[in-house]
Amino acid sequence: MGIKEQIKTVLREAEIYRTQGLFNEAMVKFKYASELIEKNVKPENGRHLVNGITKKVELLKQTISKYNDPEKPPEMPVEIQNLIREKFSFSTDKESAALDGAIALTKFGQFERAIKEFKELLKMESFRLVAAKNILRCYFASSTSSSSAAEGAVFQYKEWLTLGLFTPGQLEKIRFFLENLLREKGIESGLPAAKEEKAAIKMEVAAKKAPDKAMPAIKPLIEIPGSGEEEEEFLDVSSVGIILETGEKKNPEIILDVSFQSGNMVCLIVPVREKLLIESMKAGLRLNNVQFYSPIAILNGSGVVAAFTKISSGPKMGNYSLDLKMFTN
Amino acid sequence: MAVFNIKNREIECKIVYYGPGRSGKTTNLEYIFKTYKKQVADQMVTIDTEGDRTLFFDFLPMGLGKIKGCDVKVQLYTVPGQVQYSSTRKLVLKGADGIVFVADSFTIRREKNMLSLKDLDQNLKECGLNIFKIPLILQYNKRDAGGSIPIMSIEMMQNDLNKQLKVPYFPASALTGEGVGGTLKECMKLTLVHLQKEFKWAQ
Ligand SMILES: Nc1nc2c(ncn2[C@@H]2O[C@H](COP(=O)(O)OP(=O)(O)O)[C@@H](O)[C@H]2O)c(=O)[nH]1
Ligand SMILES: [Mg+2]
């Protein structure tokens with residue numbers, strides 16, 4: 001194949017990948033085509049082509065960053081929300097199924113509707129606390145700015161203080177939970193408590209009882225109820241420490257931040273400088289020496305690598321993403 | 001998660017189309033929707049936003065009529081393929097009775113196919129299911145594209161994906177429809193046989 005033909009072929013491939021939505025693949029091919037042209041075609045003939053390709057690459061970059069934008073998913077039509085609520089609730093009793101449905105709505109980013117559903121669940125004693133926490137979390141997940149989220153959540157909490165729906169103990173747990181949500185957003189707040197002195201004692205109790213569902217959740221979007229799938233039951237982890245076992249040498253602990261947690265799965269960002277770690281990671285690998293750091297407790301355990309991939313776009317590009325399934329000892 | 005209603009002799013099962021992003025899962029369902037109008041029970045719900053940031057899923061309910069004296073209904077779903085939507089993907093997979101794994105024949109997607117199959121294995125485990133036991137079909141999609149870009153041979157894909165599983169596979173083109181019906185029918189067959197053991201639904 002002559003060089004002209006080769007360039008044409010590469011460009012045609014790039015176009016096909018682009019139309020198929022395989023943007024990263026298209027990008028690689030476009031860049032390769034540019035290289036080929038720059039190396040093999042006289043500048044006066046090639047410049048024009050390369051400029052055209054550069055424009056396409058720019059457009060692709062925009063498209064890719066749009067796709068990776070953690071922008072809030074749009075609120076769906078009611079019929080679709082109903083479908084989500086109906087199809088993704090698996091519990092057999094009606095009340096638990098309603099909770100499942102509301103949680104599914106949050107997983108699909110349908111926060112306003114989810115708040116409505118959780119408010120219904122407040123009427124049921126057994127779900128009251130978990131529903132309240134979820135409502136607060138929905139406020140944070142759905143707002144575009146943390147200050148408006150905080151406003152909404154605090155307003156809600158104050159309303160609950162006056163309603164007489166919750167026991168003082170429950171209100172205390174909610175306050176503790178909300179303060180942590182706020183702190184995460186860098187907002188220190190002195191929320192009014194239900195009863196001042198009792199509050200201090202209750203907080204201590206809550207703090208000692210880790211891991212407990214009263215614990216502040218750090219990353220996951222939703223509060224998982226106490227019953228149901230045990231795979232989802234795991235304390236909220238803010239960072240994970242890994243000690244690699246390579247030969248006899250004792251390796252230092254590598255601390256990684258959690259970017260997302262769902263049940264006992266955490267997604268960790270591995271900086272590109274952690275060469276040893278990056279070299280040894282692969283899906284399925286078991287790590288026997290792992291520490292899970294939560295705001296209250298540190299647990300020893302192990303982990304299984306579920307996925308390990310290089311981040312190919314966005315602000316963390318070039319670093320690695322490590323999905324780890326956590327097990328405590 | 002199939003529901004068997006003994007009184008009405010009605011069975012409803014769930015089939016999930018799994019696979020890497022852009023492998024053609026939605027296109028499969030679209031073709032089925034167009035082609036098997038009579039069996040389609042209701043509108044197909046496609047919840048793609050902005051072209052395809054498939055954060056969501058597709059949903060297609062079908063009624064297959066009477067099979068061995070039982071009214072068979074099936075609900076088809078697709079999962080969001082993009083790596084980052086792991087938690088919604090798991091939610092859609094939950095309760096699946098049968099799975100169609102749609103692999104992309106593009107050579108450039110070779111690794112993505114393998115990663116997605118691994119991801120399926122992992123997620124099934126987390127749902128308490130076993131990839132070697134659940135009814136599973138592999139579909140090697142986009143066979144039509146071979147003229148214009150590099151695609152993998154069936155042997156290569158078999159070697160990559162089906163060496164251990166040894167499940168039925170179909171070369172296909174969701175765009176032209178080739179292999180789409182065959183894939184679904186085979187998956188339905190395996191699923192119903194599988195469910196027979198559990199429910200004894202067939203007369
Ligand atoms: N050439 C070709 N393109 C296909 C085929 N199936 C899907 N596509 C294209 O691949 C892209 C992604 O398909 P889609 O069904 O949205 O993939 P999904 O992410 O798996 O749902 C679209 O541009 C489709 O037109 C096929 O069989 N042949
Ligand atoms: Mg799709």
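These figures come from a predicted structure and were not determined experimentally. Labels below follow one simple rule: chain letters A, B, ... track the order of the sequence lines, proteins then strands, and each chain is numbered from 1.
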Is the number of heavy atoms from other residues, nucleotides or ligands under 6.0 Å of [X] [atom1] greater than 12?
X	atom1	value
A:Glu112	CD	no
B:Lys200	NZ	yes
B:Lys73	NZ	no
A:Phe308	CZ	yes
A:Glu95	CD	yes

With a 4.5 Å cut-off on side-chain heavy atoms, are [Y] and [X] touching?
X	Y	answer
A:Glu25	B:Arg109	yes
B:Phe57	A:Leu83	yes
A:Phe23	B:Arg22	yes
B:Gln122	A:Asp323	no
B:Thr88	A:Phe88	no

Measuring from [X]:[atom1] to [Y]:[atom2], what's the distance to the nearest 0.5 Å?
X	Y	atom1	atom2	answer
A:Asn24	B:Lys112	CG	NZ	7.5 Å
A:Leu22	B:Ile149	CG	CD1	8.5 Å
B:Lys118	A:Lys282	NZ	NZ	8.5 Å
A:Gln20	B:Leu175	CD	CG	8.0 Å
B:Gln75	A:Lys87	CD	NZ	3.5 Å

Which answer fits A:Glu15, side chain, backbone, both or neither, if we ask what part of it has an atom under 4.5 Å from a heavy atom of chain B? neither
Among A:Arg12, A:Glu79, A:Glu13, A:Lys29, single out the residue with the greatest number of heavy-atom pairs under 4.5 Å to chain B.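 Sorted descending by pairs with chain B, the first entry is A:Glu13.
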Taking 4.5 Å as the heavy-atom cut-off, does anything in residues 2-10 of chain A contact chain B, and if so which residues?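 No residue falls under the 4.5 Å cut-off.
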Scored by heavy-atom pairs under 4.5 Å with chain A, the best of B:Gly24, B:Gly21, B:Pro150 is B:Pro150
